[in-house]
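Written below as structure tokens is the structure these notes are about.
Side chains are part of it too, since the values below use all heavy atoms of this structure and drop only hydrogens, waters and symmetry mates. Every chain is numbered from 1, with letters handed out A, B, ... down the list of sequences.
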Protein chains: 2
Amino acid sequence: MSWAERVLNTLSVHGHRVTGPRRAILEQIMHYSQPFSAEQLFRDLGGVGGPIGRATIYRTVDLLLGDGWLSRVHWRAAREASNGHDHAYVAVEQGLRHHIVCRNCGVVVAIAGEQIDVLASQSAEHAGFIYETCSLELYGICPTCQLR
Amino acid sequence: MSWAERVLNTLSVHGHRVTGPRRAILEQIMHYSQPFSAEQLFRDLGGVGGPIGRATIYRTVDLLLGDGWLSRVHWRAAREASNGHDHAYVAVEQGLRHHIVCRNCGVVVAIAGEQIDVLASQSAEHAGFIYETCSLELYGICPTCQLR
DNA sequence: GTTGGTGCAAACGCTTTGCACTTGG
DNA sequence: CCAAGTGCAAAGCGTTTGCACCAAC
């Protein structure tokens with residue numbers, strides 16, 4: 001079952017509707033290997049005059065973000081890779097909340113984070129906090145860019 | 001030497017000027033214990049008609065961000081704590097790049113991250129990347145809020 | 001005296017909103 | 001059926017920019 005299908009199933013279970021625009025948006029998101037912006041999504045889905053309105057894009061991105069299906073990336077390198085837009089998003093695979101972004105080409109690779117989660121929860125407790133969640137963004141140069 | 005003084009020294013060394021507005025902005029930032037937005041900074045420094053223009057706030061925040069003196073926080077909880085504005089910033093103490101944010105009151109505590117950095121660099125290498133840097137945001141409930 | 005920094009106000013562009021229409025369940 | 005979802009276009013608003021003036025070094 002693909003990421004898009006999993007998202008649709010969950011939406012359905014949560015009482016949301018599985019609509020054409022949502023299918024199209026999810027499908028498009030799956031094709032990205034780099035952080036993308038809402039505007040870029042809009043453009044790639046047909047832009048002005050296309051079948052999907054801007055508002056729907058933003059509302060859907062918000063929905064996905066709220067349910068943890070998307071993660072925001074906001075460092076300069078990531079933003080630049082995403083055409084200069086301020087907010088870039090990355091699809092989140094189950095259990096792979098963390099990711100590493102290439103500062104050169106912007107490609108994103110999800111990484112397993114059990115150890116990170118453990119370490120994070122320990123750090124939180126050390127500060128007296130009740131740990132809830134964390135988000136880690138790594139930056140570096142990907143294998144492909146290293147060869148150039 | 002305070003954070004503001006350290007920042008000013010570094011700016012000076014880098015060929016930037018130590019001006020009144022910059023002093024005021026740095027001073028104000030030191031007073032925050034929660035993530036703050038550019039707009040909030042502008043308001044707290046006098047707002048419209050005040051001694052410092054909006055443009056200066058934004059330009060300075062950008063400068064500080066670029067040199068790593070500020071860190072961006074962008075999760076919903078943090079944003080809400082920061083009056084609903086999209087971008088929230090946190091002053092970065094030397095070596096304490098990571099921080100934990102209380103989901104309830106928004107208070108921020110810096111945390112040491114040697115272990116996190118080590119783990120991050122290992123994860124990056126495991127993915128074939130040349131590690132450069134990382135940013136970790138933890139979320140939880142602070143000691144004070146736990147008592148309520 | 002230079003040149004980087006600043007303030008102002010207008011321009012920008014991403015995001016949100018109101019409302020009538022459409023559609024999924 | 002009917003509430004959730006959508007499209008459109010306008011409004012909103014945080015952020016950037018151009019330009020003349022000012023002040024740090």
Side-chain angles (χ1 to χ4, degrees), chain A residues 7-26 28 35-67 70 72-74 76 78-80 82-89, chain B residues 7-26 28 35-67 70 72-74 76 78-80 82-89:
Chain A
V7 177
L8 289 174
N9 281 347
T10 309
L11 284 182
S12 181
V13 170
H14 286 15
H16 288 119
R17 292 183 184 170
V18 175
T19 66
R22 284 182 179 166
R23 285 182 189 286
I25 292 172
L26 292 172
Q28 182 61 46
F36 59 92
S37 65
E39 200 56 29
Q40 186 177 348
L41 202 42
F42 176 60
R43 225 178 23 249
D44 293 344
L45 285 166
V48 178
I52 300 176
R54 262 205 193 76
T56 300
I57 303 282
Y58 282 96
R59 286 189 276 234
T60 303
V61 164
D62 238 37
L63 182 64
L64 298 177
L65 203 55
D67 287 355
L70 289 183
R72 283 174 95 167
V73 180
H74 66 177
R76 276 167 196 263
R79 268 187 289 148
E80 279 157 19
S82 173
N83 290 312
H85 290 304
D86 251 36
H87 296 144
Y89 306 93
Chain B
V7 177
L8 289 174
N9 280 348
T10 308
L11 284 182
S12 181
V13 170
H14 285 17
H16 288 120
R17 292 179 183 172
V18 175
T19 66
R22 285 182 177 166
R23 285 182 189 285
I25 291 171
L26 292 172
Q28 182 61 47
F36 60 92
S37 65
E39 200 56 30
Q40 185 176 349
L41 202 43
F42 177 60
R43 226 179 22 249
D44 294 344
L45 284 166
V48 179
I52 300 176
R54 261 203 194 77
T56 299
I57 303 283
Y58 283 96
R59 287 189 275 235
T60 303
V61 165
D62 238 37
L63 182 65
L64 298 177
L65 203 55
D67 287 354
L70 289 183
R72 282 174 97 167
V73 179
H74 67 177
R76 274 164 199 267
R79 268 188 289 148
E80 280 157 19
S82 172
N83 290 312
H85 290 306
D86 250 39
H87 297 145
Y89 306 92

- [ ] When you get a sec, tell me which of D:dC25, D:dT17, C:dT23 is the closest nucleotide to the side chain of B:Arg59?
- [x] D:dT17
- [ ] Look at the side chain of B:Arg22 and the backbone N and O of B:Leu8, then say whether any donor-acceptor pair between them is shorter than 3.5 Å.
- [x] no
- [ ] Could you state the atom-to-atom distance from CG of B:Leu8 to P of D:dA24 in whole Å?
- [x] 13 Å
TODO: Figure out the CG/P separation between B:Leu41 and C:dT6, and round it to whole Å.
DONE: 13 Å
- [ ] For the side chain of A:Ala55, starting at C-beta, report the closest nucleotide among D:dA9, D:dT15, D:dA24.
- [x] D:dA9
Task: Contact nearer the 5' end of DNA chain C, comparing B:Gly15 with B:Pro51 - done: B:Gly15
TODO: Looking only at side-chain atoms of B:His87, point me to the closest of D:dC25, D:dT15, D:dT17.
DONE: D:dT15
Task: Options C:dT6, C:dT15, D:dA9, nucleotide nearest the side-chain atoms of A:Glu39 - done: C:dT15
Open item on the list: Expressed as a whole number of angstroms, how long is the span from A:Gln40:CD to C:dC14:P?
Closed with: 12 Å
TODO: Kindly indicate whether the side chain of B:Ile57, heavy atoms from C-beta on, has any atom under 4.5 Å from the side chain of B:Leu45.
DONE: yes
Open item on the list: For D:dG14 and B:Ser37 - does any side-chain N or O of the residue sit under 4.0 Å from the phosphate oxygens OP1/OP2?
Closed with: no
Task: Check: C:dG4 base within 3.5 Å donor-acceptor of B:Arg17 side chain - done: yes
Open item on the list: If you assign each of B:Ala38 and B:Ser12 to its closest nucleotide in DNA chain D, which residue comes earlier from the 5' end?
Closed with: B:Ala38
- [ ] Could you tell me whether the side chain of B:Arg54 and the main chain of B:Phe42 form a donor-acceptor pair under 3.5 Å?
- [x] no
TODO: Write down the distance between CG (B:Asn9) and P (D:dA24), rounded to a whole number of angstrom.
DONE: 17 Å
Task: Interatomic distance where CG belongs to A:Leu11 and P belongs to C:dT23 [whole Å] - done: 20 Å
Open item on the list: Just N and O in the side chain of B:Thr19: are any of them under 4.0 Å from OP1 or OP2 of C:dG4?
Closed with: no
Task: Test item: B:Thr56 and B:Thr19 side chains (from C-beta on) under 4.5 Å apart, heavy atoms - done: no
Open item on the list: Between C1' on D:dG14 and OH on A:Tyr58, what's the gap in Å once rounded to a whole number?
Closed with: 13 Å
Task: A:His16 NE2 to C:dG25 P, straight-line distance once rounded to whole Å - done: 13 Å
Open item on the list: Using heavy-atom distances to pick each residue's nearest nucleotide on DNA chain D, tell me which of B:Gly20 and A:Gly20 is more 5'.
Closed with: A:Gly20
Open item on the list: Just to be sure I understand the rule, does B:Arg22 reach a base, reach only the sugar-phosphate, or reach nothing, if contact means heavy atoms closer than 4.0 Å?
Closed with: sugar-phosphate
Task: Shortest non-hydrogen contact between B:His87 and B:Tyr89, atoms and distance - done: CB-OH, 3.7 Å
Task: Rounded distance in Å - CZ (A:Arg43) to C1' (C:dC14) - done: 13 Å
